[in-house]
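To find a chain, count down the sequence lines: A is the first, B the second, and so on, and within it residues start at 1.
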2 protein chains.
Amino acid sequence: MSIDDVAAEAGVHRSTVSRAFSRPEAVNPTTRQRILEVAESLGYQMSPLAQALRRKTSNLVPLIVPDITNPFYGELAKTMATAAAGKGYQLVLCVTDGEVAQTSGYLTALQGMYAPFGIVAPSTSVDLDELQSVALGSRVVVVDRVEKANVPTVTVDSAEGIALAVDHLRGLGHRRIAYVSGISGTYTSRDRLAAYEGLAEKLEMPATILDAGTGPEVGERAAELFVDMPREQRPTAVIAANDMVAFALISSLGARGVSIPGEVSVMGFDGLELGSRSNPRLTTVRQPIADMGAIAIDLAEQLLNDGEAQHVVLTPDLLIRASTAEVPR
Amino acid sequence: MSIDDVAAEAGVHRSTVSRAFSRPEAVNPTTRQRILEVAESLGYQMSPLAQALRRKTSNLVPLIVPDITNPFYGELAKTMATAAAGKGYQLVLCVTDGEVAQTSGYLTALQGMYAPFGIVAPSTSVDLDELQSVALGSRVVVVDRVEKANVPTVTVDSAEGIALAVDHLRGLGHRRIAYVSGISGTYTSRDRLAAYEGLAEKLEMPATILDAGTGPEVGERAAELFVDMPREQRPTAVIAANDMVAFALISSLGARGVSIPGEVSVMGFDGLELGSRSNPRLTTVRQPIADMGAIAIDLAEQLLNDGEAQHVVLTPDLLIRASTAEVPR
DNA sequence: TTGAAAGCGGTACCAA
DNA sequence: TTGGTACCGCTTTCAA
C-alpha cells in the first residue's frame, strides 16, 4: 500500500497525492477530496520512514533519562509521552543509568534517525557544553536542570520551593530544620541545597545538612546521623532533597523506631503521586510535572523555529499531607 | 556523510561498501579492511532509516505499557531497554493509559515504521485475539499476562508465588490470611486471586477477599473493610495483589492507626525496589523482573525465526523484609 | 569478488 | 493546479 497505489486508483500522479496530504491548499479541492477518499478506502498510511528519509526530519524524539525506574522520571516520561503524542511525535526511550557517555551516544544514534530534537533529563554529571558538541546536541531541551544560556530549559524554582517548605514547617513551630541531601548530589539536589542554605542564612536559622548516602542504602546514613545526635540537638523537621529520598529516610527512621511525624516531621520535594500511598502520606513541595512535558515540547519547537533558547521556570506549590506536624514539646 | 562518500574515498562501488558491513564474508578481506578504515576515519554511520526503508524492517520496537508512572512498569521498561539496546533495538515508548484502542493504534503506527515486533504489557481488558488482528499484532510478545496459545508470553507462576506467601505467613503462625485484590482487576491480579482461592480451599483455610478499590483512593476501601470488622474476626495477615496495592493499603491502614506488622502483617507481590524504601519495608513475593526483558526479546526473535510462540513461566521467590511478623497473641 | 541498476516510499522543484 | 523527474541513503539481484 504505497503512494503510487493511491495515485493510480485516484487517477492522478503520486506528487499530487503527496501534496494532498502535506500541502492541501496547493491542490484542487475536488481532486483532494477524491484522493482522500481513495486513500481512506484503501486504508493507506503514509510511511513515516520514507517521509523522514526524504525530508531529513522524522517524528522520533529521544527522551533521555538516567533511570526510568525512579517514579519521578516515570511521571516525567508520562507527561512527555502525552505531549509528544499530541504533536505527532514518538518518544524513543533512552535510559542512561547516569552514564554521561550514553547520553551523547543516544543523541548521535537518534540523529541518524533524523530526530528533530531531543529531550534530556540529565543525570548529575552531564556537561551541557559537552552535550551540545554532539550533532543533535544543539537541538535539545533540558528538563529539571538549571538554566544554561543557549539550551532551552524547563525547571522549577528551587528557592521558592524551599521557602514554601520552610514556611510550612516554621508555621508548625519548627526551628531546627535540617536538609537531607540527595543521591550522589543530583543537580536539582544541589540547587535545592543551595536554596536551603541561602534561606537559613537569611532567616538566621541554623543550617544542618544530613547526607542520605548513595545506592540502595539511601536514607540509612541520614537516619544514623539523626539518631546519633543528642535528642535536644536533633532537628525537629527535615526537608529531603526529593520525594524518593524522603521515602527512604522515613523508611530508615521507621526501622530505628523514630516516629513520623511524632518525633520528626519529614518533607519531600517533587510531589509524586506515590506520596499519597506512603506511610505516613508525604507532605511535599509539588513540581508541576504535568506541565513540564507540554512546555518542553513547545520549547523545542520554538528552538527549531526561531533558534531561540528560552528558559521556563515553573512555580511549585505545597502539598500538605501527613508527614509533618506541630513541633513536639 | 553517506555510503557514496565512503565508496568514493575507498575507490569502490557503494554496493561493495554495503556488503562490507552487512555481509562481510562476501567481500575481499583487504578491500573490506580498507572500507572499514575509510568509514571509520570519515566517521561514517549507516542510516538506519534508509536501511529500514529498503529492508522493510527496522530496529524500532514498541514497548506498550498501560502506565509508565507505575514503578512496576518502570522496572520492566528498564530491563527491556537494557535487553533491547544489547541487540541493537531502540524502544519506542507507548503509554496506553489502559485504553485498549491505543494499543492497536500504536501497533499499526509502529508497523508503518517497519517495527520487527512489539512488546506488550497489556492492561486489564486488552483482548489478545483482537490484538493479533492488527498487522503487527501477530509479531508481539506479551509480558505479565497468562498464556495464550499463539502469542509468546513471559509470566511468573502466580500459584507458586501465592504459595510462597502463604507458607511464609503460616510459618509465622497466621491462620486468617486475607487477599486484597488489585486496582480494577488487573489481569495478574485476577490470576493471583484465583491462586489464593485455590490454595485456601486446598488448605481448608477461610478465604477472605478485600477489595482495595480503584483510582487514587486505592487501599482505602480495604482498610475500611478491615477496621470495620470485629477484632477477633480480622485477618492477622493480608496478601496484596501487588506491591503498589500493598503500599496503598499500608498507607491507609497507617492513617487509621493500625500498626504494621504489629496488628496485621502485609505482604506484597512483585518485589519492587521501592519496597526497600517503604515504611515498614515490604515483605513480598519477587518476580524476576530483571530476566523478563531479555527473555521477552529472545521470544520475539524466536517467533520471527521459527514462527514458534513459546511460553516462559518464571519462578518467583520470597523477599522477607519488615512488613510481616509473628501473629500477635 | 565487484559493479551496475532498479527500487523502497516518499518530497520538492521545475515545467506545462 | 498538475505531472515529471530527480533524489533521500541503502539493499539486492544480475552480470561481468
Side-chain angles (χ1 to χ4, degrees), chain A residues 1-39 42-60 88 90 108-116 135, chain B residues 1-36 38-39 42-60 88 90 108-116 135-136:
Chain A
M1 196 43 18
S2 84
I3 201 170
D4 284 316
D5 300 307
V6 179
E9 183 71 21
V12 294
H13 193 264
R14 57 223 300 267
S15 50
T16 306
V17 177
S18 175
R19 276 180 225 118
F21 285 100
S22 44
R23 296 206 304 117
E25 74 285 0
V27 46
N28 183 304
T30 325
T31 321
R32 174 167 38 114
Q33 185 56 32
R34 182 156 37 92
I35 293 178
L36 261 29
E37 278 166 11
V38 169
L42 261 45
Y44 168 70
Q45 290 276 93
M46 209 156 46
S47 161
L49 246 51
Q51 201 168 259
L53 179 59
R54 185 59 234 233
R55 287 188 176 163
K56 291 179 176 304
T57 176
S58 71
N59 67 341
L60 263 16
Q90 298 272 14
T108 44
L110 265 293
Q111 156 158 95
M113 304 247 207
Y114 292 123
Chain B
M1 200 37 26
S2 85
I3 201 171
D4 284 317
D5 300 308
V6 179
E9 183 73 20
V12 295
H13 194 264
R14 57 222 299 265
S15 50
T16 307
V17 177
S18 175
R19 279 179 219 117
F21 286 100
S22 45
R23 296 205 303 116
E25 73 286 359
V27 46
N28 184 305
T30 325
T31 320
R32 172 166 42 111
Q33 185 55 32
R34 184 155 36 91
I35 292 177
L36 261 29
V38 170
L42 258 46
Y44 168 70
Q45 290 275 92
M46 208 154 45
S47 161
L49 246 51
Q51 202 168 260
L53 180 59
R54 185 59 233 237
R55 287 188 177 164
K56 292 179 175 301
T57 177
S58 72
N59 67 341
L60 261 17
Q90 298 273 14
T108 42
L110 265 294
Q111 156 161 92
M113 301 245 198
Y114 292 123
L136 228 195

| message | Test of understanding: with salt bridge (charged side-chain N to carboxylate O under 4.0 Å, His left out), list the residues that count as partners of A:Arg32, not counting sequence neighbours. | response | none
| field | Angle by which the axis turns from one end of the helix from C:dT1-D:dA16 to C:dA16-D:dT1 to the other, five pairs per end, to 10 degrees | value | 40°
| Set of residues satisfying side chain to side chain donor-acceptor pair (under 3.5 Å) with respect to A:Ser15, sequence neighbours excluded | A:His13
| message | Suppose we screen for side chain to side chain contact (heavy atoms under 4.5 Å, CB included). Which residues come up paired with B:Glu9, at least two apart in sequence or across chains? | response | B:Val38, B:Leu42
Atom pairs and distances, donor-acceptor, side-chain atoms in residues 21-31 of chain A, under 3.5 Å, two or more places apart:
unit_1: A:Ser22; atom_1: OG; unit_2: A:Ser18; atom_2: O; d: 2.8
unit_1: A:Asn28; atom_1: OD1; unit_2: A:Thr30; atom_2: N; d: 2.7
unit_1: A:Asn28; atom_1: OD1; unit_2: A:Thr30; atom_2: OG1; d: 2.9

| said: At 4.0 Å (heavy atoms only), tell me whether B:Phe21 reaches a base, stays on the sugar-phosphate, or touches nothing. | reply: nothing
| query | Taking only N and O in the side chain of A:Ser18, is any of them less than 4.0 Å away from OP1 or OP2 of C:dG10? | reply | no
| remark: Taken to the nearest whole Å, CZ/A:Arg23 to P/C:dG10 is 18 Å
| field | Segment of DNA chain D, first to last nucleotide, that comes within the 4.0 Å heavy-atom reach of chain A | value | D:dT1 to D:dG9
| Listed by chain and number, what are the side chain to side chain donor-acceptor pair (under 3.5 Å) partners of B:Gln45, not counting sequence neighbours? | none
| request: For the pair A:Ser58 (side chain) and A:Tyr114 (backbone), establish whether a donor and an acceptor sit closer than 3.5 Å, ignoring hydrogens and angles. | output: yes
| Taking OH from A:Tyr44 and P from C:dG9, how many angstroms apart are they, rounded to a whole number? | 10 Å
| note | Contacts of A:Gln90 meeting side chain to side chain contact (heavy atoms under 4.5 Å, CB included) (sequence neighbours excluded), chain-then-number -> A:Asn59, A:Leu60, B:Val92, B:Tyr106, B:Ala109, B:Leu110, B:Met113
| Could you run down nucleotides 1-8 of chain C 5' to 3' and tag each one B, S or - for protein heavy-atom contact under 4.0 Å? | SBBB-BBB
| said: A:Arg54: which residues meet the salt bridge (charged side-chain N to carboxylate O under 4.0 Å, His left out) condition with it, sequence neighbours left out? | reply: none
| note | Of all heavy-atom pairs linking B:Leu49 and A:Ala52, the shortest is CD2-CB, 3.4 Å
| task | Report the residues that fulfil salt bridge (charged side-chain N to carboxylate O under 4.0 Å, His left out) with B:Asp5, sequence neighbours left out, ordered by chain and then residue number. | result | none
